[in-house]
Peer 1: 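Quick one: structure below, then a few questions.
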Number of protein chains: 2
Amino acid sequence: MKPETRQQEIIRVAAKLFKEKGYSAVTMRDLATAMDIKAASLYNHINSKQDILESIIISIAEQFTEGMSSVRESNATCIEKLKEIIALHVEVSSTNIYGMAALNHDWMHLEARLNYYKKLRSDYENDFRNILIEGIKAGEISDIKPDVMMFSILTTLRSLYLWIPKKEAIHLNELTNDLNEILIKGVIKQI
Amino acid sequence: MKPETRQQEIIRVAAKLFKEKGYSAVTMRDLATAMDIKAASLYNHINSKQDILESIIISIAEQFTEGMSSVRESNATCIEKLKEIIALHVEVSSTNIYGMAALNHDWMHLEARLNYYKKLRSDYENDFRNILIEGIKAGEISDIKPDVMMFSILTTLRSLYLWIPKKEAIHLNELTNDLNEILIKGVIKQI
DNA sequence: ACACTAAACTAACACTTGTTAGTTTGCTTG
DNA sequence: CAAGCAAACTAACAAGTGTTAGTTTAGTGT
């Protein structure tokens, strides 16, 4: 495991600040203070504030895209695919607790790569929707509007970063199992 | 129905801008431009940018608090109470589509009323959790960690503002019904 | 015609913003 | 010891920030 470069350290600390106050409210002087240096010194390692946001968001978005392409190409049942998606979100969210906040709330401040981000996101949602549509056809899942189902599951998964404390892997597995139960079977007691 | 005051109009337009870019990224000059006046003129109607944020957030938070106190005091079953909470969120979200974004993402920029907001929110969550705990005791709902259930349902409900388009009441009822199904019974097809 | 008032305006303020230029510091390597 | 280099520094910039003070405008009721 190579040690973190100074640049990676800055990006990591920035993500943490972005989570607390949002991209726009964090100044380069805030970031510098958190790094215990002066603002101008940051520019020895990064190109701009924008660039920091881009690295954070695009890197995570691509992890989701990659994960979804695995799920898409597996030939599991729809329910199993849903479980894989849930596991994907727990995995990516737990390894990017801070970055997920920027992904969810600050993507609109992307400039050069805004359209790229939007494409990744809409492709992801299309894949997700198609899985649900297949599941309905196959009689595996309820015949409710796929968009509403997707919205419901996806917003829960997208908010995981708020919820996942610093848990060890074992607790993350528990969380994954609980989410599988709740999102798939609901909260009502089965008879 | 009284016509909107100029102040209310400014707050409404501000909420819309806050939804698009977040509180910190919206300048008083942005807001003035959207109102088709100069920035200084805004101050004939409002005290500060902060005050605008406060009105938006606190007003909505209090609607939720009020709604929850109705639910808490009804003597319905747990599942029925859950349905009432879902209806509450659809109602409040659909009448505050723009303000909900500030509530969810910009509450940390509250200053004087930050602690008041936090108290309202944690009281709300406690009421919610207690309903789930009662439901588990009564054997109505699954014996999964109440916090995970609450998180799952609440994050979906809190994101409704992203989802609710300008639908008429009839479509909102459909949405409410679909959410009832999904959040309570899950997506799996019942046998 | 008059005073009153709501709501706009212009001009300016003190401060903060992201960023650049040029310089210094202190470690590592030949 | 000398050279090279990564990474810090100071100083400054132009533009943008929320907000205030004082003034003008246009419409209303007496």
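Here is the naming used below: chain letters follow the sequence lines, and residue numbers restart at 1 for every chain.
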Peer 1: Starting from Watson-Crick (N1-N3 plus N6-O4 or O6-N4) and G-U wobble pairs under 3.5 Å, report the runs of at least three that DNA chain C belongs to.
Peer 2: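 Consecutive-pair runs (3 or more) involving DNA chain C: C:3-28 with D:3-28.
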
Peer 1: Between A:R72 and A:E134 (salt bridge meaning N to carboxylate O under 4.0 Å), is one present in this structure?
Peer 2: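 No.
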
Peer 1: On a heavy-atom basis, which atom in A:I57 and which in A:Y117 lie closest, and how many Å separate them?
Peer 2: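 Shortest heavy-atom contact: CG2-CD1, 3.8 Å.
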
Peer 1: Please work out whether the ring planes of A:H89 and A:Y124 are parallel, tilted or perpendicular, with thresholds of 30° and 60°.
Peer 2: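 Taking A:Y124 first and then A:H89, their aromatic rings stand perpendicular (interplane angle over 60°).
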
Peer 1: With no hydrogens and no angle check, is any side-chain donor or acceptor of B:T176 less than 3.5 Å from a backbone partner on B:A87?
Peer 2: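 Judged by distance alone, no pair lies under 3.5 Å.
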
Peer 1: Could you give the CG-to-C1' distance, from A:D30 to C:dC15, as a whole number of Å?
Peer 2: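 Nearest whole value for this atom pair: 15 Å.
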
Peer 1: Please give me every residue in residues 37-53 of chain B whose heavy atoms get under 4.0 Å of an atom in DNA chain C, ordered by residue number.
Peer 2: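 Those residues whose heavy atoms fall under 4.0 Å from DNA chain C, taken from residues 37-53 of chain B in numerical order, are B:I37, B:K38, B:A40, B:S41, B:N44, B:H45.
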
Peer 1: Mind checking the CD1-CZ spacing from B:I153 to B:R158? Nearest 0.5 Å is all I need.
Peer 2: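 The distance works out to 12.0 Å.
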
Peer 1: Should the ring pair B:Y23 and B:F18 be called parallel, tilted or perpendicular, given that the plane angle runs from 0 to 90° and is split at 30 and 60?
Peer 2: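 Rings of B:Y23 and B:F18: perpendicular, over 60°.
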
Peer 1: Could a donor-acceptor pair under 3.5 angstrom be found where the side chain of A:R29 meets the base of C:dG18?
Peer 2: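 Such a pair exists between side chain and base.
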
Peer 1: Applying the side chain to side chain donor-acceptor pair (under 3.5 Å) criterion to A:R6, which one of A:E9, A:E4, A:Q8 satisfies it?
Peer 2: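 By the side chain to side chain donor-acceptor pair (under 3.5 Å) criterion, A:R6 pairs with just one of A:E9, A:E4, A:Q8: A:E9.
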
Peer 1: Using a strict cut-off of less than 4.0 Å between a Lys/Arg side-chain nitrogen and an Asp/Glu carboxylate oxygen, indicate whether B:E80 and B:K83 qualify as a salt bridge.
Peer 2: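 Answer for the salt bridge query: no.
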
Peer 1: Atom CG of A:L31 to atom P of D:dA8: distance rounded to whole Å?
Peer 2: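 Atom-to-atom, A:L31 to D:dA8, this comes out as 12 Å.
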
Peer 1: In this structure, how many angstroms lie between the P atom of C:dA7 and the CD atom of B:Q7, rounded?
Peer 2: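 For the pair B:Q7 CD and C:dA7 P, the rounded distance is 10 Å.
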
Peer 1: What integer distance in Å separates A:M28:CE from D:dA12:P?
Peer 2: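 In whole Å, D:dA12 P lies 21 Å from A:M28 CE.
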
Peer 1: Specify the separation, in whole Å, of atom CG of B:D36 and atom P of C:dA7.
Peer 2: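 So the two atoms are 16 Å apart, to the nearest Å.
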
Peer 1: Taking atom C1' of C:dG18 as reference, at what distance in whole Å does atom CG of A:L17 sit?
Peer 2: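 About 16 Å, once rounded to whole Å.
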
